[in-house]
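Written below as structure tokens is the structure these notes are about.
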Amino acid sequence: PRNERLIALVDSPLFITQPDLIEPHHTDFRVRIQPKFGVTYGVCRMPGEDIRVPVLAYTPNEASADHGNRGRVTVWSSDPRIGTRYITPYPDFVGGTVNIGLGDVDGDGCSELVTAAGEGGGPRIQIHNLLSGAKMFDWFAFEDGFRGGATVALGDFDNDDRAELVIGAGHGGGPRVSVYRIHWNGWLERWSNFFAYDPNMRTGVRVGIAREGWRSVLVTATGRGEAVHVRTLIPRRGDVQPESRLSFYAFGLPGSHREPTGLFLWTGLGSWETGITNFVVGRPTGGGRWQTQEITPSGGFLAVQYWQE
């Protein structure tokens, strides 16, 4: 199976379903894209052990007919010390979706689960420890009266073996991005804060992560109601604009169309062995079909494909 495409890290919203482990405790697995679930993938190094086990988290998204389980996150690992768990981070958000991410935010070697309420909910963020099951943090990233929710992604921008948490405002808000980090003493710091696009836009912003060697690259995309504008960025500390890398329109220039249902952003296509993970932008084209473009962090277009549900 080594000649198969492997997924090293996947950030929500990604539509994939069933993991197919290559061997026990191996950290790569094959997946099949389906627009039914938001899925994120991480790893966990158990205390006192030099072995990494895969961790997968998934939840029904807005494309899923599984309305009864919307808002519930399933966490799965091949290691029985994590096993299968069910987390409902926002029990009062009935029928709403949850955006999720996995990443090691505190440097203990095990990914934490990060959740954000989807559209219709407030921009409430939670961080859950997968080993203890404890809720580590619970706060509103933006104004608590905002009801567009938020999107989340995790990446290491400074190579300190800790993932920074990237939060994008949901639909109806400006394209505001905030980056948080957790310090060794447990202090949660808003490390960076900026608008990825025109502050007057009200499409919100999708966020994801790609990698170039050791460095994570932030990928952003406008939400529904506008032509799909994709950027890759390197955040900087403070309320300053990030370093801009790529900027392009995925499916036509402004004025040629407006996406009625917005963009879906897949990130993390690749393998840790190469140190490079690509990203995919996709949009629904009707009849259960999805048009996608796979792109490298340096801007190389690899493939244009169509997926059928």
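These numbers were taken from a predicted model, which means no experiment stands behind them.
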Any chance the side chains of S178 and N193 put a donor and an acceptor closer than 3.5 Å?
yes

Determine, using the 4.5 Å side-chain heavy-atom cutoff (strictly less than), whether F195 and V205 are members of one ILVMFWY cluster.
no

Residue pairs meeting disulfide (SG to SG under 2.5 Å), one or both in residues 94-196, sequence neighbours left out, come to C44-C110

Is it the case that the side chain of T222 and the backbone of H229 share a donor-acceptor pair, with hydrogens and angles ignored and the cut-off at 3.5 Å?
yes

Between R162 (side chain only) and D106 (backbone N and O only), is there a donor and an acceptor less than 3.5 Å apart?
yes

Using side-chain heavy atoms (C-beta onward) and a distance below 4.5 Å, is I209 in contact with D156?
no

Report yes or no: does Y197 contribute a side-chain atom to a donor-acceptor pair with the main-chain N or O of T220 at less than 3.5 Å?
yes

Please check: side-chain N/O of S111 versus main-chain N/O of L102, any donor-acceptor pairing under 3.5 Å?
no

Which is it for I167 and V177 under the side-chain contact (heavy atoms from CB on, under 4.5 Å) test, yes or no, and what are the steps along the way?
CA-CA 6 Å; I167 305 171; V177 176; over 6 Å; no

Could you list the residues that satisfy salt bridge (Lys or Arg N to Asp or Glu O under 4.0 Å) with R176, not counting sequence neighbours?
E143

Check: T115 main-chain N/O paired with Y90 side-chain donor or acceptor under 3.5 Å:
yes

Do L130 and L113 have side chains that approach each other closer than 4.5 Å (heavy atoms only, starting at C-beta)?
yes

R81: what forms a salt bridge (Lys or Arg N to Asp or Glu O under 4.0 Å) with it, not counting sequence neighbours?
E49, D79

Within the structure provided, determine whether I182 and I127 are in side-chain contact (heavy-atom separation under 4.5 Å).
yes

Decide side-chain contact (heavy atoms from CB on, under 4.5 Å) for V207 and V219; before the verdict, give the C-alpha distance in whole Å, the side-chain angles of both, and the deciding distance to 0.1 Å.
CA-CA 6 Å; V207 294; V219 184; over 6 Å; no

For D158, give me all partners under side chain to side chain donor-acceptor pair (under 3.5 Å), at least two apart in sequence or on another chain.
R181

Residue pairs involving residues 149-183 (criterion ring pair (Phe, Tyr, Trp, His ring centres under 6.0 Å); sequence neighbours excluded)
W139-Y180, H183-W187

T74 and R85 side chains, donor-acceptor separation under 3.5 Å:
no

Are V73 and L131 in one and the same hydrophobic cluster, where Ile, Leu, Val, Met, Phe, Trp and Tyr link if side-chain heavy atoms are under 4.5 Å apart?
yes

Start with the C-alpha distance between E112 and H128, add both sets of side-chain angles, then the distance that settles side-chain contact (heavy atoms from CB on, under 4.5 Å), and finish with yes or no.
CA-CA 6 Å; E112 281 74 42; H128 298 260; over 6 Å; no

Run V114 and F137 through side-chain contact (heavy atoms from CB on, under 4.5 Å) and show every step you take.
CA-CA 9 Å; V114 178; F137 293 92; over 6 Å; no

Does R237 use its side chain to pair, donor to acceptor, with the backbone of S192 at less than 3.5 Å?
no

Should L188 and V105 be regarded as members of a common hydrophobic cluster, given that ILVMFWY residues are connected when their side-chain heavy atoms come within less than 4.5 Å of each other, either directly or indirectly?
yes

Does R45 reach the side chain of V53, with side-chain heavy atoms less than 4.5 Å apart?
no

Between K135 and Q126, is there a side-chain heavy-atom distance shorter than 4.5 Å?
yes

Same apolar cluster (I L V M F W Y, side chains within < 4.5 Å links), F248/V217
no

D138 versus R124: any side-chain heavy-atom pair under 4.5 Å?
yes

List in chain and number order the residues that pass side chain to side chain donor-acceptor pair (under 3.5 Å) with D104, two or more places apart in sequence or in another chain; answer none if no residue qualifies.
none

Looking at side-chain heavy atoms only, is the closest gap between R202 and D198 below 4.5 Å?
no

Are any of the side-chain heavy atoms of V75 and Y86 separated by less than 4.5 Å?
no

